[in-house]
Structures are given as structure tokens and as C-alpha cells.
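Lettering follows sequence order; numbering is per chain, from 1.
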Amino acid sequence: DAGVIQSPRHEVTEMGQEVTLRCKPISGHNSLFWYRQTMMRGLELLIYFNNNVPIDDSGMPEDRFSAKMPNASFSTLKIQPSEPRDSAVYFCAGSSAGAEAFFGQGTRLTVV
Amino acid sequence: AQSVTQLGSHVSVSEGALVLLRCNYSSSVPPYLFWYVQYPNQGLQLLLKYTSAATLVKGINGFEAEFKKSETSFHLTKPSAHMSDAAEYFCAVSDGSGGSYIPTFGRGTSLIVHP
């Protein structure tokens, strides 16, 4: 298995534009997490899916953020419209219940 | 609610010296505990995990951690630091409360190794 695959690795966009981050988890992992990492706040959980269903989205900062998991092998995190304060590294991670989380390489988002 | 506190945002050691990174957790039920390492521009990689078996857990790259319930601690150690150990280290807790195993991470400790 190639591990958790995230795309793009880097994204630079202008304020107000829509941004879509993509994640392909490891096959068989029924839990999927989106985290955001910044110097100021560390690693923050944005949303958690179990068996493709969003279970906890209390970490999603605003309605500008949305996430979907249409099937077990794909998830997206969308920001619309983007703002400079959204600049961060966004990680996707997956796990089987109770086991460790496997992280992707992350997407470094810069909103100018 | 589960939480993790990592004491010290930066730890500096000499090459060959003992590494000690501190982690204390809070959990309402027996937790799973993890240490991850993050190298620049990369994702987090698992170093080791505690899942209610042996309290002394050995991981990759010579690291180990000891679960101490009485102290609610899970400190990470390595007898002899190597230059390649310089990275960010994260402690995480996952206790399954509410029926979901969601890892909560500490703020991280940056390990600096100097010659």
C-alpha cells in the first residue's frame, strides 16, 4: 500500500478563491480524520469520519469549511471562500478502530 | 474528555546524551497512548504505542516509553541521542470515550541535537 495520499502537496491561492484538498486513505481503514497544523494552535482536529459518515465536525472553524467522504477511498476538504488565516498545513489521517493513525504528507496551503 | 500536555516546547541535548521528552495525559477511561515523530515537510510517523499490554513500550529508532498510570505519564526516552533524531515529537491519547477513537495530540516538543 502506498500509504495515505494527499493532493496537492502545496497550494497557493488568492483570498476569496475556492480550495479543495484531497485524500486517499489506506484501504481498510474505516476512520478518517482531517487535521490542521499551525505554529499558533498546533494540530487541531477538524472533522472525523467513521465508515464514510461524518461523526464529529465540531472542529470545523466556520461554514466556509466543508468536508465530504463519498466512498471509503476518497475524501475532500473544501474551503470557500479562502482567507489568509486559513494558511496552514492540512493533514489527512486514517485508522482502524483503536489503532494508530496513519498520516499523509500533508497539503501546505498559502492564501495570499 | 481526553487531553495531553507535553512539557517543554523545545528540548536541547548533546549527541550521545539521554533524551527525555515528557508527556502527561488526562482520560476518563484507560487510554491508548502514542508517540509520533515529524520531520520537516513531512507527515507524522508512529514511533511507538501503548495499548494496555506491557507498560514499557519499545519503538523504532531506539526510543521507548513507559506508561505510569499513577502519574498519568507516558514519557519518551532514548539512551543516546543521534543527530538524525532532531525533529518534532508529538504525544497523543485516544481513549474511545463516546464510542469513537479520536487521537488528541499535544502541542509537540522540538528536539534539538547538537554535536
*Let me see the working for A/Gln37 and B/Phe90 under side chain to side chain contact (heavy atoms under 4.5 Å, CB included), right down to the final yes or no.*
CA-CA 12 Å; A/Gln37 185 178 37; B/Phe90 293 90; 3.4 Å; yes
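- Taking hydrophobic clusters as Ile, Leu, Val, Met, Phe, Trp and Tyr residues chained together by side-chain heavy-atom distances below 4.5 Å, A/Met60 shares a cluster with A/Leu32.
- Using a 4.5 Å cut-off between heavy atoms, A/Arg9 contacts chain B through its side chain alone, with no backbone atom that close.
- The residue among B/Ser94, B/Ala92, B/Pro103 with the most heavy atom pairs within less than 4.5 Å of chain A is B/Pro103.
- Linking ILVMFWY residues whenever their side-chain heavy atoms come closer than 4.5 Å, directly or via other members, leaves B/Val4 and B/Phe105 in distinct clusters.
- Hydrophobic clustering of Ile, Leu, Val, Met, Phe, Trp and Tyr side chains at less than 4.5 Å, counting indirect connections, keeps B/Val93 apart from B/Ile102.
- Neither A/Trp34 nor A/Leu45 shares a network with the other; the hydrophobic side chains, linked directly or stepwise wherever heavy atoms of I, L, V, M, F, W or Y lie under 4.5 Å apart, form separate groups for each.
- With a 4.5 Å cut-off on non-hydrogen atoms, A/Glu44 does not touch chain B at all.
- Clustering ILVMFWY residues whenever any of their side-chain heavy atoms sit less than 4.5 angstrom apart, transitively, puts B/Leu76 in the very cluster that holds B/Tyr25.
- The only member of A/Tyr35, A/Phe103, A/Phe102 that meets ring-ring contact (aromatic ring centres under 6.0 Å, His included) when paired with B/Tyr36 is A/Phe103.
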Contacts under 3.5 angstrom, residues 59-66 of chain B side chains, donor-acceptor by atom type, not counting sequence neighbours:
from	atom 1	to	atom 2	distance (Å)
B/Glu64	OE1	B/Lys58	NZ	2.8

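- A 6.0 Å sphere centred on CD of A/Glu14 holds no more than 12 heavy atoms belonging to other residues, nucleotides or ligands.
- Residue-environment remark: CG (A/Asp63) stays at or below the threshold of 12 foreign heavy atoms within 6.0 Å.
- Residue B/Asp95 does not touch chain A at all, counting heavy-atom pairs closer than 4.5 Å.
- Of residues 42-49 of chain B, those residues lying under 4.5 Å from chain A by any heavy-atom pair are B/Gln42, B/Gly43, B/Leu44, B/Leu46, B/Lys49.
- For the atom pair OG (A/Ser96) and OH (B/Tyr101), the distance works out to 12.5 Å, reported to the nearest 0.5 Å.
- For the set B/Thr104, B/Thr51, B/Asn41, the entry with the most heavy-atom pairs within less than 4.5 Å of chain A is B/Asn41.
- For B/Arg107 (side chain) and A/Leu43 (main-chain N/O), no donor-acceptor pair under 3.5 Å exists by modelled atom type.
- Around CZ of B/Arg22, the count of heavy atoms belonging to other residues, nucleotides or ligands within 6.0 Å does not exceed 12.
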